[in-house]
Amino acid sequence: MTPSALLSERLRSHRLTAPARSVTDAAAHMLAVQSQEFLGGRWALGIRSSGSPTLSAVDRAFARGELVRSWTMRGTLHIIPAADLRWVLSVTGGRQRQQAAGRHRQLGIDAEVLARVTRALREKLADGGRTRAQLFDDIQQLGIDPSGQRGVHIIGALCIDAVLVQGPVVARDGAVGREQLFVLADEHVPEAAVPDDPAAEMFVRYIDGHGPAGAADFAWWSGLTLGAAREAAERGRHRVVEVSEGLFVSASRPRRASGGDAVRALPMFDEYYISYADRTPVADADAMTRIGPGKNGMVRASLLADGRIVGAWTHSAAVGRHRDIPIAEPFDPSLDPEAVAAALRRYSDFVSG
């Protein structure tokens, strides 16, 4: 596969040139989008949707229980359709627990602690959701110190165990909502059919939203070992199309839209950039240095043209500033400023809507 063909097909798989009908359809297609930067995760769905999607439309999907956010893989927060949460955690939960075990021992978090917190929170959350700060207070009342990351790790463990999940967005006057209520998964996540082979299903869904890609890319994205990823790929390969050795695309390709933006403003940690073992097809060495991940683990919002990273951009979600004009940082001085401005306007329209 030529470099240009690979980029063209990835743009299509990511719904960047073949947008979904709605933000929930985009979420279902992608299965999970990285979302530790919550606004960025919501824009990741907006930019993959047709028409004029808005932040409020994404937040309504959280309120209706169609979308949730949780530590679905790699110990990292993702937005995922609620119906897919449990079976995905059945694939990734064991690996996440294994990776967190050493830190949990350091923090004194064991099965007894998690059981105590679970019992208490089931009572506390019976009448509605709680913010993270409120959960920390609840944990403190049990005689467990939530400081030093202990509270975060306890909450994360209960989310991986599908006890808790992040649901409705907490409203902020004159600003973008930046946190969610933690709710009981049993009450908020609907019962859904479990795939016959969840790991193979996860591989197929990854390829649907990210192909062309291979087993090593799937291992990076899912957090599974390379061996487990290869086994899942082997069991799922009859449901995808091998376009070159070890490189797969979906058996059902979304239809490209006519026209399209010359430049796109991708959010922080966007799947198009972050979700592959090898990012060189979409960014040169200088661009990767500028975008990240940096020493602090951050991945900057980026400008995309012809399938490659050509710049960065910044925007504030602070109170009263979410309507400010985003600031572009082109890496290539020949980049069309009008196309960049159009890409950033689309984001501004999304976050203001």
Side-chain angles (χ1 to χ4, degrees), residues 31-42 62 67-82 84-125 129-170 178-189 202 220-224 268-269 274-275 293 296-299:
L31 179 58
V33 294
Q34 197 158 325
S35 187
Q36 66 265 53
E37 205 288 310
F38 188 32
L39 177 54
R42 288 177 282 178
F62 279 106
L67 300 178
V68 293
R69 188 166 66 129
S70 192
W71 286 269
T72 57
M73 60 199 82
R74 305 196 313 274
T76 301
L77 284 163
H78 288 73
I79 294 173
I80 185 171
D84 292 311
L85 177 67
R86 292 184 186 279
W87 72 261
V88 166
L89 287 173
S90 77
V91 178
T92 65
R95 178 71 170 162
Q96 293 192 91
R97 294 184 196 97
Q98 181 184 50
Q99 291 173 326
R103 183 61 176 143
H104 283 189
R105 285 193 293 271
Q106 292 175 352
L107 295 170
I109 300 171
D110 57 19
E112 190 275 332
V113 167
L114 294 178
R116 284 175 58 205
V117 176
T118 296
R119 289 192 295 270
L121 293 187
R122 285 194 185 281
E123 295 181 7
K124 291 281 187 179
L125 293 167
R130 309 275 283 177
T131 65
R132 189 173 78 165
Q134 289 171 327
L135 291 185
F136 278 16
D137 289 341
D138 297 333
I139 293 170
Q140 183 79 60
Q141 289 174 14
L142 293 174
I144 301 169
D145 182 4
S147 66
Q149 297 189 325
R150 188 172 292 102
V152 172
H153 276 273
I154 289 173
I155 292 171
L158 296 185
C159 286
I160 291 170
D161 289 344
V163 174
L164 303 179
V165 69
Q166 293 188 71
V169 179
V170 178
R178 299 174 68 174
E179 68 171 332
Q180 295 166 271
L181 293 177
F182 286 87
V183 294
L184 292 173
D186 286 346
E187 297 180 359
H188 199 78
V189 176
M202 193 171 177
W220 156 250
W221 182 76
S222 65
L224 300 177
M268 297 174 68
F269 299 99
I274 199 69
S275 58
N296 60 0
M298 298 300 289
V299 176

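In what follows, residues are counted from 1 in the order of the sequence shown. The basis for the numbers below is simple: all heavy atoms, side chains too, and nothing from hydrogens, waters or symmetry mates.
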**Q.** Close side-chain approach of Leu125 and Leu164, heavy atoms under 4.5 Å
**A.** yes

Q. Is there side-chain contact between Arg42 and Ile79, with at least one heavy-atom pair below 4.5 Å?
A. yes

Q) Is any side-chain heavy atom of Ile274 less than 4.5 Å from a side-chain heavy atom of Pro293? A) yes

Q) Side chains of Ser222 and Arg95: does their closest heavy-atom pair fall under 4.5 Å? A) no

Q: Hey, could you give me the CD1/CD1 distance between Ile154 and Ile109, rounded to the nearest 0.5 Å?
A: 4.5 Å

Q. Are Asp161 and Arg97 close enough that some pair of their side-chain heavy atoms sits under 4.5 Å apart?
A. yes

Q) Taking the six-membered ring for Trp, are Trp71 and Phe182 parallel (under 30°), tilted (30 to 60°) or perpendicular (over 60°)? A) parallel

Q | Side chain proximity check, Arg132 to Val152, heavy atoms < 4.5 angstrom | A | yes

(Q) So which atom in Leu31 and which in Ile80 form the shortest heavy-atom distance, rounded to 0.1 Å? (A) O-CG1, 3.1 Å

Q: Using side chain to side chain contact (heavy atoms under 4.5 Å, CB included) as the criterion, point out the one residue from Lys124, Gln140, Arg130 that pairs with Leu135.
A: Arg130

**Q.** From Thr72 atom OG1 to Met202 atom CE, the distance as rounded to the nearest 0.5 Å
**A.** 6.5 Å

Q) Mind checking whether Ser70 and Leu85 have side chains closer than 4.5 Å, heavy atoms only? A) yes

Q) Between atom CH2 of Trp221 and atom OG1 of Thr92, what is the distance when rounded to the nearest 0.5 Å? A) 9.0 Å

**Q.** Spacing of CD belonging to Gln36 relative to CE belonging to Met298, to within rounding of 0.5 Å
**A.** 7.5 Å

**Q.** Contact summary for Ile139 and Pro146, nearest pair of heavy atoms
**A.** CG2-CB, 4.4 Å

**Q.** Considering all heavy atoms, the nearest Gln96-Leu89 contact
**A.** NE2-CD2, 4.1 Å

**Q.** Exercise: identify the closest heavy-atom pair between Asp186 and Arg122
**A.** OD2-NH1, 3.4 Å

Q: Please say whether more than 12 non-hydrogen atoms of neighbouring residues, nucleotides or ligands are located less than 6.0 Å from CD in Glu123.
A: no

Q: Quick one: closest heavy-atom pair of Val165 and Ala185, and the distance?
A: CG1-CA, 4.1 Å

Q. Which pair of heavy atoms, one from His104 and one from Ala157, lies closest together, and at what distance?
A. CE1-CB, 3.9 Å

Q.
Could you check whether any side-chain heavy atom of Gln166 comes within less than 4.5 Å of a side-chain heavy atom of Phe38, counting everything from C-beta outward?
A. no

**Q.** Euclidean distance, Arg150 CZ relative to Ile144 CD1, rounded to 0.5 Å
**A.** 9.0 Å

